[in-house]
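On a predicted model such as this, the values are computed, not experimentally measured, just so you know.
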Number of protein chains: 2
Amino acid sequence: MKNKSLVNMPCPVARSLEHVGEWWNILILREALLGVSRFDDFQNHLGIATSTLAKRLNALVESGLLARRQYCEKPPRDEYVITKKGLDFRPVLLTLMQWGNTYYADGEPMIQLVDTETNQAVDLMLVDRNTQVEIDPQRHQSQPRPAADDMIKARFEASSAAVAMPQQGPVDQYLKT
Amino acid sequence: MKNKSLVNMPCPVARSLEHVGEWWNILILREALLGVSRFDDFQNHLGIATSTLAKRLNALVESGLLARRQYCEKPPRDEYVITKKGLDFRPVLLTLMQWGNTYYADGEPMIQLVDTETNQAVDLMLVDRNTQVEIDPQRHQSQPRPAADDMIKARFEASSAAVAMPQQGPVDQYLKT
DNA sequence: CAGTATCCTGTCCGATACTG
DNA sequence: CAGTATCGGACAGGATACTG
């Protein structure tokens, strides 16, 4: 995306995308969450151009998702480690991974989240910490909060408050894959 | 991303990005999940160019995340409704939204997921459906499955099996924001 | 209202070459 | 090993104009 108009958008999704929206950022983050920290490792695992990698790495440090840390002084060498903010991004990656495994794994998934204590594959579920109830499109809906400006509120009144879910439910005709 | 090299990547994240990687796709999906279905509504809410919108909408239909449905015959009119595959993408959007609310809401978040039965803001938590245990980077780790090819397995043995999390934990120095 | 067609610009990204 | 510098191509996406 080139224009800055989205910066003005008071939507957390849009704002998040400002920082992790580009492909490589997400893939680099995935590697970092797997423990990769060296420039060369990122490069080899991802097959990314070095110039691009340097740029993305800088952007991620800038955004506070990674931190640069010198691990060697003699010849100054830096590595990139995940920050708390980056670690908090893990659930996004994991749900994305599960979605990808559901729809884009030919046959058996190749990579999967595993519970190291039981050695069982993990089946992710999103719940409300307050009620322990699984998130459900019917029950849990996006709403403007008090802090929202009139523009947002108007939007919700006009379009989605009454139709938080499509009236006739999702169409399955495209689901053969 | 212009090159097709990622298609070969046997990673569900990379594959997912093939289909939803571009900004607008995610934002359009967000709108669709809020119940928006008309071309004009997408356009007004997002401030996207019509030509771009048409292209993205077609791509999303192509990917099976949205379905085109004729809702009027006299002048043929189409609308775009979310499919099951698209609905399954909602957890990704929600975790992304929560992350954005955590780090990019100046003060109070403007939009939030609400439990319509209790009228309380939802606090998302990712758990393993099998054990009901919250996902934890230490306990729940990505691993190659039997279906994985040697390349993937080699990667895990070499780099991350032993260091699924950075040895010294996340660095917090950049967390002031 | 729901698009299509055309033009144009920004920039993401790869390739290549070079540095401490 | 960990980058920086430069060049060039592909393409996303905006602006505008036009159609049924």
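In this structure, the CG atom of B:L60 is 16 Å from the C1' atom of C:dG3, given to the nearest Å. Rounded to whole Å, atom P of D:dA2 lies 12 Å from atom NE2 of A:H45. Going from atom CH2 of B:W23 over to atom P of D:dG14 covers 11 Å, rounded to whole Å. Atom CD in A:Q43 sits about 14 Å away from atom P in D:dT4, given to the nearest Å. Between B:E22 atom CD and C:dC12 atom P the separation is 13 Å, expressed in whole Å. In this structure, the CZ atom of A:R56 is 10 Å from the P atom of C:dG14, given to the nearest Å. When rounded to the nearest whole Å, the span between CZ of B:R68 and C1' of C:dT4 equals 13 Å. Remark: P of C:dA2 and CZ of B:R38 are 6 Å apart, rounded to the nearest angstrom.
Distances from the side chain of B:S51 to the nucleotides D:dC1, D:dG14, C:dA2 place D:dG14 closest. Counting only heavy atoms from C-beta on, B:W24 has its side chain closest to D:dG14 among D:dG14, D:dA5, C:dC1. When distances run from any side-chain atom of A:I48 to the nucleotides C:dG14, D:dG3, C:dT4, the shortest one goes to C:dG14. Checking C:dT4, D:dG14, D:dA2 against the side-chain heavy atoms of B:A49 singles out D:dG14 as nearest.
Ring planes of A:Y104 and B:H19: parallel class, angle under 30° (limits at 30 and 60°).
Nearest-nucleotide mapping onto DNA chain D: of B:K55 and A:Y80, the residue sitting toward the 5' end is A:Y80.
Judged purely by atom type and a 3.5 angstrom limit, A:T83 has no side-chain atom pairing as donor or acceptor with the backbone of A:A67. Of the possible polar contacts, none joining the A:N25 side chain to the A:L17 backbone as a donor-acceptor pair under 3.5 Å is found. Side chain of B:D128 to main chain of A:L124: no donor-acceptor pair is present (N/O by atom type, distance under 3.5 Å, no hydrogens or angles).
Within 4.0 Å (heavy atoms only), A:F42 reaches no atom of the nucleic acid at all. Looking at heavy-atom distances under 4.0 Å, A:L53 makes no contact with the nucleic acid at all.
B:I48 contributes atom CD1, which lies 12.5 Å from atom CH2 of B:W23 (distance to the nearest 0.5 angstrom).
Residue B:T52 has a polar side-chain atom (N or O) positioned under 4.0 Å from OP1 or OP2 of D:dG14.
With hydrogens and angles left out, the side chain of B:T50 and the base of C:dA2 share no donor-acceptor pair within 3.5 Å.
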